[in-house]
Number of protein chains: 2
Amino acid sequence: MESLLRYFDMLCLIPKAPNSISTPEILEKLQNMDYAVDLRTVQRDLVKLSASPLFPIANTENTKPLRWFWIDNSSPMQLPMISTDEALTFKLAEMFLEPLLPPSVRARLTGYFDLADKRLKESKFEHWIEKVGIVPNNLPLLPAEIEPSVLAVVYEALLKNLRFKATYQAVNKSPKIYEINPLGLVFRHNSIYLVATIFDYTDVKQLALHRFKEAELSDRIVLVPADFALEDYIAQGSFSYPVDNHLKDITLKLKVNGFLKQMLLETPLCEKQKISDIDDEHYLLEATVTNTEQLHWWIRSFGSGIEVLEPLELREAFVLEAEALSEMYCKSDNHLNSKSTFL
Amino acid sequence: MESLLRYFDMLCLIPKAPNSISTPEILEKLQNMDYAVDLRTVQRDLVKLSASPLFPIANTENTKPLRWFWIDNSSPMQLPMISTDEALTFKLAEMFLEPLLPPSVRARLTGYFDLADKRLKESKFEHWIEKVGIVPNNLPLLPAEIEPSVLAVVYEALLKNLRFKATYQAVNKSPKIYEINPLGLVFRHNSIYLVATIFDYTDVKQLALHRFKEAELSDRIVLVPADFALEDYIAQGSFSYPVDNHLKDITLKLKVNGFLKQMLLETPLCEKQKISDIDDEHYLLEATVTNTEQLHWWIRSFGSGIEVLEPLELREAFVLEAEALSEMYCKSDNHLNSKSTFL
DNA sequence: ATCAATGCGACAAACTTGGACGTTTTCATA
DNA sequence: TATGAAAACGTCCAAGTTTGTCGCATTGAT
């Protein structure tokens, strides 16, 4: 029994394929875990384990301290086994993440998605996928593709607090090599942006990951500018979303139609929202939300289904926008659209 | 060694907490796997395994065929261990899924997210999270909450092709008990809808999962109406998204501003889109896309940043909308808004 | 009440494990 | 090129573990 546990711990010590661990290292770690074993035992155990098809581990055959690793691209084994509803949730997550994560990021989870697939197949539940549909409420734009090797370097650089050298091609410019001092990653609009400083300059830049051609880890450590915090940097509006460059809660009063009323009842804007009747077809919505550009997009997207009543500044902004739209479209089209009313 | 494999296979046979397996069942399955073992051996093995804190398995102590299960709420163990970049991707996925999946669905993956957390902590990479930000481009609405027990029954019913009995409270009506014949699940707008027929009627209904109060699996099998396929059902516009109730590709010509031009260069509308200059501030975008309600929302959300030029039908629709908006806002505001120009 | 199925303790035979020791191989250093 | 340290690997054997068997107790169905 003791040996079963040791086998288990040994298997846990062995890393996945690109990495490896030598037999003496395993011995040392096991001894730290209070297993009083001999090197010979470790050697024998490893040979035994690797002989079983259940544990696809192998060693580098011609080095002297043999190094062991899991042969990969197989999906992980786990205990307890993935349950069918976990498997379903994984498939669901996969469907949701597909339009959101660039393929090179998502690829790091394929092992789990495959595991879920296998589980569903063996349970004869493979038809589940046909029983689930996702209707996105935003337009699927094609994600910008990122060089997988670049992504790997960026991940590692952020993890290990190291700089990296990379070829970056800014819009309308020729590619150049920079030393990048990475501070954070921001996912927006199906794209990934690296927030970083360059060389030893101190101004914080945003670099789109898909504009990097190649990257190589450096050994210089990252210098974080005093007081820099990614969250604050985003909140300050560096990604140009909060309105007027600072986040502010506002109390909205909107006149909405029946469709929106129903939708908002089911998925409210905030926890304390109130909906009351104005007339047979219109409802008053009151809610407190953060005044962001997303809010404006959301309101605009319903066209005349939403009329902003308060706050007044917001209403005025929408009045101006309505005029701009009207001017843009009606100028040229008044003559051909008989239904247009004279304003 | 043989016994190690047997232990492993035994552990795989044991399901997670709500489910369980009896000792004789384990014996039978092991024998099917060509292990020539005795029942007594299985019994002893289970006792031994459950004694180890590594394998949190337990049995029902007072039933005669003892039933074994994994004690729950522990994160799964896996081999090979989760790598740091898998862990990072899990955390990322968690951040993305948070606003998309109702808590009761997401809860089924918490084990994995916890596993990722642990891994990141032990590698001292916990600060990674502070280095990643997600800027959503849609307004986060609060997801409708679903009774976890209802979700479990619905999942199971769909998996096993069984009907279920449930209490459903339709909008503005009192709760009633129905026998539901489930056909599929649709995720839309942060809500989950069950596509189903009721009792033995043949008309297909959409039932919001959060409107179910309780549910109980029945043993009657699901009857799928002839020719029913969820994908077609959605595509037919049953969730009211495709325009004019059928999907049609259209060739868009849009006049867009500089911000949009840049955005579309990075995340294009379709693979063959073309962008050309109109004047210093405006660009002509040509792309072929499916004419859906999402497209209209997307266009509307940019206000006067986009002018639809073609197809003409679409332009006319936007002309009408611009007029409606203008009428809605300008009527009442002309007098108070000095900035508004007379049209 | 009876029977079949299961759990559990005990025991001995069979098997596995792991340390000891020796030989071989490889690599780094003198 | 010689030398030595470290690792791999083969083999032996005693200690320890595993497993089938049997007997008895308990439980639930007929």
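For clarity, every value in this text was computed on a predicted model and none was experimentally measured. Chain letters run A, B, ... following the sequence lines, proteins first and then strands; every chain starts at 1.
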Contact interval (first through last nucleotide) of DNA chain D with protein chain A, 4.0 Å heavy-atom: D:dA7 to D:dT18

Touch class at under 4.0 angstrom, heavy-atom based, for B:Asp45 against every strand present: sugar-phosphate

Pair of N/O donor and acceptor under 3.5 Å linking C:dG19 base with A:Arg44 side chain: yes

Geometric class of the A:Tyr178/A:Phe199 ring pair [parallel <30°, tilted 30-60°, perpendicular >60°]: tilted

Rounded interatomic separation in angstrom, taking OH from A:Tyr35 and C1' from C:dG18: 15 Å

Salt bridge (charged side-chain N to carboxylate O under 4.0 Å, His left out) partners for A:Glu147, two or more places apart: none

pair B:Thr197-B:Asp203: side-chain heavy atoms closer than 4.5 Å: no

Between C:dT16 (C1') and A:Leu4 (CG): distance, integer Å: 14 Å

For atom CG of B:Leu46 and atom C1' of C:dG7, their distance in whole Å: 12 Å

Touch class at under 4.0 angstrom, heavy-atom based, for A:Ser22 against every strand present: nothing

Touch class at under 4.0 angstrom, heavy-atom based, for B:Arg67 against every strand present: nothing

Rounded distance in Å - CH2 (B:Trp68) to C1' (C:dT6): 13 Å

Test of ring centre spacing under 6.0 Å for B:Phe187 and A:Phe96: yes

Evaluation steps, side-chain contact (heavy atoms from CB on, under 4.5 Å), between B:Leu183 and B:Leu194: CA-CA 7 Å; B:Leu183 302 172; B:Leu194 182 68; over 6 Å; no

Sugar-phosphate, base or nothing in reach of A:Val47, heavy atoms under 4.0 Å: nothing

Length of the line joining B:Leu5:CG and C:dT16:C1', which is rounded to integer Å: 14 Å

Side chains of B:Ser22 and B:Glu25, donor plus acceptor under 3.5 Å: yes

N/O (side chain, A:Thr41) to phosphate O (OP1/OP2, C:dG19) under 4.0 Å: yes

Euclidean distance, atom CD of residue B:Glu61 to atom P of C:dT6 [Å, nearest integer]: 19 Å

Short side-chain N/O contact from B:Ser3 to OP1 or OP2 of C:dT16, under 4.0 Å: no

Touch class at under 4.0 angstrom, heavy-atom based, for A:Asp38 against every strand present: sugar-phosphate

Length of the CZ-C1' vector between B:Arg40 and C:dA14, whole Å: 18 Å

B:Tyr7 OH to C:dT17 C1', straight-line distance once rounded to whole Å: 13 Å

Residues B:Glu94 and B:Tyr112: side-chain donor-acceptor under 3.5 angstrom: no

